[in-house]
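These figures come from a predicted structure and were not determined experimentally. Heavy-atom basis, side chains included; hydrogens, waters and symmetry copies ignored.
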Amino acid sequence: EAGVAQSPRYKIIEKRQSVAFWCNPISGHATLYWYQQILGQGPKLLIQFQNNGVVDDSQLPKDRFSAERLKGVDSTLKIQPAKLEDSAVYLCASSLWTSGSSTDTQYFGPGTRLTVL
Amino acid sequence: AQKVTQAQTEISVVEKEDVTLDCVYETRDTTYYLFWYKQPPSGELVFLIRRNSFDEQNEISGRYSWNFQKSTSSFNFTITASQVVDSAVYFCALSEAGSGGYQKVTFGTGTKLQVIP
């Protein structure tokens, strides 16, 4: 079974530029997550989708970050404009969600390492 | 609010020694799930184990074992006869049901384990 795919793996940009990351979850997984992991810290949830609807974006800096999952499968996370403090690894995860289930294991992609200069 | 504390920032052990990684959590829910993930230098978070709050039976899987104690809100992880390949950052995570029925996951800050040959 193929895992969670992410691209690109690495990205270097200058501050105030824009950047986009792509994620393709495990086939059949209804829930998709974007996390930000700053060096030396644990992953922090940015946004969570259930199919193509947002269920939690409380920690997403909406003035510069946006995400979409138009067809309920793959997803794009965008930063515009980027700041120095956005340098981090952006992790995508997916989980199989079934009605009535209170939790499901998240499976992670390899991440995109973003460096903002 | 849920919280996960991994007090050990870094641990170094000599190969073949046993090592225990500590995890303490806080939650108001009676139903919750606990996870351990491994993050090797490659960066991808690898799922190791998931336990629910109703199952305090300790588990052993090869060289890995987990000790879940609700009375002390702890979910510790032990590696027996450590190997160099065990060198990684290990994250403990807590999942609760968020409003709307979706799960809300909080990660600890991680423990970096270095196994010295």
Can you see whether [X] engages [Y] through a side-chain donor-acceptor pair at a distance of less than 3.5 angstrom?
X     : Y      : answer
A/Q36 : A/Q41  : no
B/Y33 : A/T105 : no
A/T31 : A/Q50  : yes

| said: Which one wins on heavy-atom pair count under 4.5 Å against chain B: A/L45, A/D56, A/V4? | reply: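 Going by pairs under 4.5 Å, I would pick A/D56.
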| Centre of B/F54's six-membered ring, under 6.0 Å away, within 45 degrees of the axis: is that where NZ or CZ of B/K70 sits? |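 Output yes; distance and angle both within limits.
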| field | SB check B/R28 B/E96 (cutoff 4.0 Å) | value |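 Between B/E96 and B/R28 there is no salt bridge, as every charged N stays at least 4.0 Å from the carboxylate O atoms.
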| message | So for B/Q39, is it side chain, backbone, both, or neither that comes closer than 4.5 Å to the heavy atoms of chain A? | response |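 Only the side chain of B/Q39 comes within 4.5 Å of chain A.
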| request: Pick one of side chain, backbone, both or neither for B/Y32, based on which atoms fall under 4.5 Å of a heavy atom in chain A. | output: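 For B/Y32, there is no contact with chain A at all, as no heavy atom is under 4.5 Å.
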| field | Interface moiety of A/Q6 toward chain B, non-hydrogen atoms closer than 4.5 Å | value |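 No part of it gets close to chain B.
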| When B/T109, B/L45, B/V4, B/V89 are compared by non-hydrogen pairs under 4.5 Å with chain A, the top option |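 Max contact count across the listed options: B/L45.
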